[in-house]
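Read the structure below first, then the notes.
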Amino acid sequence: MAEALNPSLTRRDAARLLGAAAAVAAVPSRWTARRADVDALLRQLTLEEKVSLLHGGTDPASKGQAGYVPGVPRLGIPEIRLADGPAGVRVTASATALPAPVALASTFAPDLARRFGAVIGREGRALGMDVLLSPMTNIVRVPQAGRNFETLGEDPLLAAALVAGEIRGIQGEGLIATVKHYAANNFENARQTIDVKVDERTLREIYLPAFEAAVQAGVGAVMAAYNHVNGVYAAEHPHLLTGILREEWHFGGWVMSDWYATHSGKPALTAGMDMEMPFGVNYGGLAAAVSSGRLAESAVDTAVRRVLVQLDRFGLLGGGRPRPAPDPAGGARAAKEIALAGAVLLRNERDLLPLGRADLADLVVIGPTAASPLVGGGGSARVIPASAESPLAALRRQAGPGGRIRWATGVDLEGVPVPASALALQRTQQGAQQGAQQGGAPQAAAQVDHTGADALPAGSSWTWTGTLTAPETGDYDLRIQGAGGVPSFNGSISLTLDGVRIGSVGALIGGNSSLIATSGGLTNAGATVRLEAGVAKPVTVAATGVAGTPLQVRLAWVTPRRRQEALREAAALAKGARAALVFAFNEGTEGADRAALALPNGQDPVIGAVAAANARTAVVLNTGDPVLMPWVGDVSSILQMWYPGQEGADATATLLLGGASPGGKLPVTFPRRAEDVPTAQPERYPGVGGVADYSEGVLVGYRHYDAHGVEPLFPFGHGLSYTRFQYGDLSVRAAGGGLSVSFTVANTGERAGVEVPQVYLGSPPGPPVPMPPRALAGFARVRLSPGERRRVTVAVPPRALQYWSDGRWTLARGRRTVHVGSSSRDLRLRQEVTVR
Ligand code: BGC
């Protein structure tokens with residue numbers, strides 16, 4: 001342990017910090033706004049034209065993106081297209097599917113965030129987009145929140161560093177970034193209405209820093225969230241949208257609402273919400289409000305000016321800028337590098353990983369996501385890549401001819417077509433649809449199984465009605481599987497049992513179809529239902545196809561017997577093999593939080609059975625956030641790959657086989673038990689009476705576990721390597737209002753590897769306000785060859801020494817401990833400093 005240095009921090013240092021924080025970051029000079037042009041333009045616009053720039057509309061030539069704002073061609077104001085999202089460009093065309101942002105967060109690497117952003121920036125421009133609806137930087141507060149995979153973890157300092165890098169990457173390619181969802185939008189349950197009750201200090205210290213960093217990085221747009229914050233909709237919140245964003249942070253861009261999150265005209269506009277998306281339900285009336293004297297035209301002008309200034313800054317006015325060619329190869333390279341860098345080795349007993357040649361000669365792989373890759377999470381962040389290999393195929397490819405790799409699903413998500421013996425059905429074709437043949441009279445149908453060569457005609461529309469009778473009592477997974485359905489809000493291929501909709505394929509956000517396709521490439525949806533032997537249940541399957549694509553429909557089930565069989569097959573295959581790999585998953589998606597922290601679909605017993613059958617079992621996780629692991633002590637190794645994007649399979653195989661060492665760190669705490677999480681009380685989550693009380697205050701994520709002495713399953717910042725690192729020679733000095741923390745990291749193992757040393761700052765004794773015992777204050781990412789040692793210096797920003805009180809940042813004075821370590825719970829070096 002190093003000797004104390006006692007650097008003193010003065011008030012002057014702190015004042016310097018505050019000045020710096022208030023400055024708006026420089027933007028690339030070629031996009032510097034030419035305000036005079038914008039004001040001249042504004043004077044030439046009619047009131048109706050101005051208002052048309054303040055809300056979305058229907059794109060006459062849609063590319064499948066989320067939003068569109070018509071331009072004013074006579075004045076050279078272009079139409080603008082706005083596309084999601086956080087893991088790649090979401091349009092009809094295929095695009096690079098990057099790893100989920102949680103994987104990016106695990107890299108702790110702002111330079112990789114910049115690269116991530118640059119891929120999306122270039123591709124967005126190439127695909128005809130002008131604005132990106134990303135990055136998302138809401139703090140992970142609830143471990144089972146549906147969109148945790150889309151955002152940048154539970155720590156504000158980490159999220160701030162990464163979001164700033166990503167924005168520079170996106171906007172450096174000329175695409176306008178939109179940081180979202182401002183603010184305190186941390187879970188999906190009742191997301192459009194929930195009222196978040198949060199105190200100002202918690203907002204400032206936990207939920208706002210990443211947004212402030214985005215503004216400092218020059219972000220062009222901000223998306224206002226769905227939820228209320230302290231009783232006021234975020235999209236009409238003067239304190240958030242004007243007080244903080246404009247007056248304190250000097251944000252020069254425009255604010256748009258989340259989709260259908262605008263609830264008023266004048267109140268929202270005058271609060272600082274410039275653009276209603278996706279349509280002008282409220283803002284369409286602004287012109288009338290001005291004409292009738294209810295709204296000052298200057299309020300409209302202010303909002304329009306903010307939009308035009310950004311269009312001008314990005315060179316989009318008066319003819320626009322040339323668009324680059326897509327660079328799929330460059331996107332794929334970045335996707336792989338980030339998937340590799342974001343992988344977190346959670347456990348590696350007896351160094352089972354990386355697998356050796358002998359393991360590959362007799363390896364058993366279990367799990368549906370080994371065969372059908374889980375590329376990304378669901379909802380508006382879902383990106384469809386041109387192709388994605390499966391981990392099984394990548395393992396076989398990388399193992400080469402000497403490999404013998406056998407697979408079993410273990411968990412059967414697909415099942416078999418419900419047999420004729422369990423069905424009594426009639427099939428009816430509905431009237432002509434998009435050129436398909438005429439409807440007809442009902443006919444008897446044995447099963448619903450129209451796939452491949454037996455697909456139904458494109459554009460046709462059908463219903464099957466009758467009864468379903470189970471042969472034995474038990475829990476059945478009923479599945480509706482399909483492809484070629486017409487896009488629709490509720491899904492166009494659906495299954496209803498006993499009047500209850502069990503599943504639908506092709507629904508927009510909020511549907512229950514799985515992200516994991518069937519082996520034949522069908523979308524798979526459904527639910528587990530208890531059926532009694534011999535009891536006939538009314539059943540309906542309905543399917544409406546889209547023109548040009550054959551309509552495939554299958555009604556399938558996984559019987560209780562089949563579930564047991566799949567588990568036994570997996571265990572039997574694993575028994576006697578040299579090593580077993582189980583791929584486990586959860587399915588994070590917008591619109592719904594996970595029902596439980598446990599792995600879904602009965603995966604725990606399968607992992608348990610495989611681990612019991614083979615002592616050399618490793619688990620590969622494709623989850624977007626924390627899961628419980630009742631089997632943690634029974635398996636040798638756990639590799640967290642998150643949702644690793646289109647190159648995820650290649651990256652996974654490379655890491656498992658030792659072509660690279662994992663070097664990612666957890667950006668979220670993994671709890672041991674559901675009751676241990678900071679939001680375990682219903683008042684906090686999902687809320688009571690429509691209010692979610694953020695009463696845990698600043699004790700979010702690891703801060704909660706440390707403050708309450710709760711042992712996590714895997715702590716924030718945790719991540720092992722195939723090599724070992726040693727820390728030493730800590731020195732700390734005051735610098736620029738913050739601290740400069742230097743230490744040495746050495747690779748003492750036999751392989752090259754990456755370490756992410758983390759600096760945590762302790763609270764002073766008897767803190768002026770409740771503070772967590774330690775908070776992340778800085779980090780670095782170093783790649784070291786075997787035997788190599790490096791002096792690392794981490795700058796701790798002044799803000800890390802402060803807390804929010806009485807409307808300003810205040811130094812937390814007194815003796816504080818600087819810790820340096822390999823995770824928030826693996827602290828290797830410490831030194832006391834006195835902050836004065
Ligand atoms: C999501 C946003 C997204 C928008 C457009 C909303 O439902 O909350 O994150 O950008 O849809 O797709």
Side-chain angles (χ1 to χ4, degrees), residues 55-59 62-69 80-92 95 100-102 120 124 127 129-140 142 145-152 163 166-167 170 175-194 196 210-211 214 219-229 233-235 253-263 273-281 376-384 487 489-490 507-511 588-593 624:
H55 63 79
T58 302
D59 187 347
S62 175
K63 295 172 188 291
Q65 81 281 2
Y68 172 81
V69 179
I80 55 177
R81 295 196 162 84
L82 307 89
D84 287 300
V89 184
R90 178 174 167 81
V91 288
T92 311
V102 64
I120 304 181
L127 291 168
M129 299 298 117
D130 308 292
V131 177
L132 181 76
L133 305 170
S134 170
M136 169 169 172
T137 193
N138 297 104
I139 292 294
V140 172
V142 178
R147 303 184 80 169
N148 288 343
F149 73 93
E150 275 187 69
T151 190
L152 298 167
V163 83
E166 188 180 337
I167 287 165
I170 296 163
L175 191 68
I176 301 175
T178 308
V179 68
K180 69 187 186 185
H181 310 82
Y182 185 69
N185 179 203
N186 306 100
F187 55 89
E188 294 301 278
N189 200 297
R191 68 171 177 163
Q192 311 219 347
T193 54
I194 192 80
V196 167
F211 288 96
V219 75
V222 169
M223 185 187 289
Y226 283 124
N227 49 287
H228 294 83
V229 179
Y233 274 118
W254 86 89
V255 176
M256 73 182 81
S257 68
D258 199 344
W259 268 225
Y260 306 101
T262 308
H263 297 276
M273 213 291 290
D274 305 304
M275 183 185 277
E276 176 179 15
M277 291 304 288
F279 301 115
V281 178
S380 62
R382 187 154 190 212
V383 182
I384 309 296
F489 196 76
N490 287 321
L508 299 167
I509 290 162
T589 191
E590 178 180 342
D593 295 331

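FYI, side chains are in, hydrogens and waters are out, and symmetry mates aren't considered; it's all heavy atoms of this structure. For ligands, and for the atoms within them, numbers begin at 1 and follow the listed sequence.
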Short list, please: which atoms of ligand 1 are under 4.0 Å from a heavy atom of [X]?
X	result
Leu133	10 (O)
Met223	10 (O)
Arg147	1 (C), 2 (C), 8 (O), 9 (O)
Lys180	2 (C), 3 (C), 9 (O), 10 (O)
Ala66	5 (C), 12 (O)
Glu590	1 (C), 6 (C), 7 (O), 8 (O)

How does Arg191 reach ligand 1, by side chain, by backbone, by both or by neither, if only non-hydrogen atoms under 4.0 Å count?
side chain
Applying a heavy-atom cut-off of 4.0 Å, say which part of Gln192 lies close to ligand 1: side chain, backbone, both or neither.
neither
Spell out, as yes or no, whether a donor-acceptor pair under 3.5 Å connects the side chain of Glu188 to the backbone of Ala145.
no
Closer than 3.5 angstrom, by distance alone: can the side chain of Asp593 be matched with the main-chain N or O of Gly146 as a donor-acceptor pair?
yes
Tell me, please: is Tyr226 in heavy-atom contact with ligand 1, that is, under 4.0 Å?
yes
Could you check whether any heavy atom of Met277 sits closer than 4.0 Å to an atom of ligand 1, since that is the contact criterion I want to use?
no
Asp84 and Lys180 ion-paired at < 4.0 Å:
yes
Glu590/Arg382 salt bridge by N-O under 4.0 Å criterion:
no
Does an N or O anywhere in His181 fall below 3.5 Å from an N or O of ligand 1?
yes
Heavy atoms only: give me the nearest Asn227-Asn185 pair and the separation to one decimal.
OD1-CB, 3.3 Å
Tell me every residue that passes salt bridge (Lys or Arg N to Asp or Glu O under 4.0 Å) with Glu166, counting only those two or more places apart in sequence or in another chain.
none
With Asp59, which residues qualify under salt bridge (Lys or Arg N to Asp or Glu O under 4.0 Å), at least two apart?
Arg81
Met129, Gln65, Met223, Met256 screened by side chain to side chain contact (heavy atoms under 4.5 Å, CB included) with Leu82, the one that passes:
Met256
